[in-house]
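Positions are given from 1, in the same order as the sequence printed here.
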Amino acid sequence: MANPSIAQDTQVLPQEQEETSEKRLNEILSSYQGKKEELIPILQQVQQAFGYLPEPMMKKIAKFLQLPESTVFGVGTFYAQFKLVPSGRNIIRVCRGTACHVRGGARILREVEKHLGIKPGESTPDLEYSLETVACFGACALAPVMLVNDKVHGRMTKTKVKEI
């Protein structure tokens with residue numbers, strides 16, 4: 001069962017944030033012509049500005065481009081580059097590649113989950129941390145590997161997880 005305090009479905013924005021966000025979205029949309037071919041660049045720019053694609057903005061993008069909402073949501077969910085929930089300020093990525101798996105990567109992932117109280121794809125309630133898994137970082141000689149933001153931590157142990 002999912003933890004209800006985990007930031008998974010935070011699509012409702014506070015009033016003042018919503019007004020500021022709407023203004024920023026309008027600025028972004030004003031640089032486009034409203035053609036359906038502009039969908040991906042618009043989604044990329046909105047995600048860059050907000051860190052994810054809030055549902056109300058995706059609906060406004062659909063209206064701007066005169067596309068069904070299902071098309072916009074379909075593109076937003078199809079491509080891994082797009083996030084529909086806010087990410088934490090610190091992104092922790094644990095490698096699940098073969099070398100990391102053989103050298104205890106699953107143990108490292110469980111330890112991170114235990115320490116943060118979240119599963120891959122989730123963020124802590126304070127949005128300090130998000131947890132992701134990656135198929136392979138390409139740092140097999142350092143297995144098991146974990147990234148915190150852009151810093152590689154190799155030869156991970158349960159003790160190192162606690163320290164980091």
Side-chain angles (χ1 to χ4, degrees), residues 1-25 27-28 40-58 60-61 72-73 75-164:
M1 177 185 276
N3 183 343
S5 65
I6 294 171
Q8 290 178 349
D9 192 17
T10 52
Q11 300 294 335
V12 179
L13 301 172
Q15 183 64 34
E16 70 253 2
Q17 185 181 357
E18 189 173 330
E19 290 170 6
T20 304
S21 297
E22 189 163 337
K23 181 180 177 187
R24 180 68 183 114
L25 176 61
E27 289 172 4
I28 291 169
I40 291 177
I42 290 172
L43 292 176
Q44 289 171 326
Q45 197 170 353
V46 168
Q47 176 148 310
Q48 184 177 16
F50 299 99
Y52 74 112
L53 300 173
E55 184 177 334
M57 290 186 189
M58 291 179 67
K60 289 177 183 166
I61 292 166
V72 176
F73 281 88
V75 171
T77 57
F78 179 78
Y79 291 103
Q81 68 178 303
F82 297 123
K83 306 231 181 271
L84 301 183
V85 294
S87 293
R89 288 177 285 284
N90 296 289
I91 312 291
I92 298 172
R93 294 179 178 96
V94 178
C95 182
R96 295 180 71 121
T98 303
C100 288
H101 175 74
V102 169
R103 294 184 180 152
R107 241 187 352 262
I108 300 309
L109 179 60
R110 282 192 304 273
E111 189 65 24
V112 174
E113 291 173 347
K114 182 176 129 187
H115 186 71
L116 295 177
I118 59 175
K119 299 279 185 196
E122 298 176 345
S123 297
T124 56
D126 61 1
L127 293 179
E128 188 63 33
Y129 298 99
S130 288
L131 179 59
E132 299 177 356
T133 59
V134 177
C136 183
F137 288 122
C140 303
L142 300 175
V145 177
M146 177 173 92
L147 255 68
V148 179
N149 300 322
D150 293 323
K151 185 172 181 188
V152 177
H153 298 273
R155 297 184 181 91
M156 290 300 300
T157 63
K158 289 169 118 181
T159 304
K160 282 185 176 181
V161 168
K162 291 174 187 168
E163 292 170 2
I164 294 170

| query | Which atoms form the tightest heavy-atom contact between Gln47 and Phe82, and what is the distance? | reply | OE1-CA, 3.3 Å
| request: Could I get the full list of side-chain hydrogen bond (donor to acceptor under 3.5 Å, both in side chains) partners for Glu163, not counting sequence neighbours? | output: none
| query | Do you know which two heavy atoms are closest between Lys119 and Leu131, and how far apart they sit? | reply | C-CD2, 3.9 Å
Can you give the donor-acceptor pairs under 3.5 Å from side chains of residues 85-96 to other protein atoms, not counting sequence neighbours?
from  : atom 1 : to     : atom 2 : distance (Å)
Arg89 : NE     : Glu128 : OE1    : 3.1
Arg89 : NH2    : Asp126 : O      : 3.0
Arg89 : NH2    : Glu128 : OE1    : 2.9
Asn90 : OD1    : Asn149 : ND2    : 2.9
Asn90 : ND2    : Glu128 : O      : 3.3
Asn90 : ND2    : Glu128 : OE2    : 2.8
Arg93 : NE     : Glu132 : OE1    : 3.0

| task | Nearest 0.5 Å please: distance from the CZ atom of Arg155 over to the NZ atom of Lys160. | result | 7.5 Å
| task | Identify the heavy atoms of Cys140 and Cys136 that sit nearest to each other, and give their distance. | result | SG-SG, 4.2 Å
| field | Ile40 side chain reached by Tyr79 side chain, heavy atoms, under 4.5 Å | value | yes
| task | Start with the C-alpha distance between Gln81 and Leu43, add both sets of side-chain angles, then the distance that settles side-chain contact (heavy atoms from CB on, under 4.5 Å), and finish with yes or no. | result | CA-CA 10 Å; Gln81 68 178 303; Leu43 292 176; over 6 Å; no
| If every non-hydrogen atom of Ser123 is compared with every non-hydrogen atom of Leu127, which pair is closest and at what distance? | CB-CD2, 3.8 Å
| request: Write down the atom of Leu53, the atom of Gly76, and the distance for their closest heavy-atom approach. | output: CD1-CA, 4.4 Å
List the atom pairs, with distances to 0.1 Å, where a side-chain N or O of residues 104-117 and a protein N or O form a donor-acceptor pair under 3.5 Å, not counting sequence neighbours.
none

| query | In Å, rounded to the nearest 0.5 Å, how long is the span from CE of Met57 to OH of Tyr52? | reply | 7.0 Å
| Note, Phe137 side chain near Val152 side chain (heavy atom, < 4.5 Å) | no
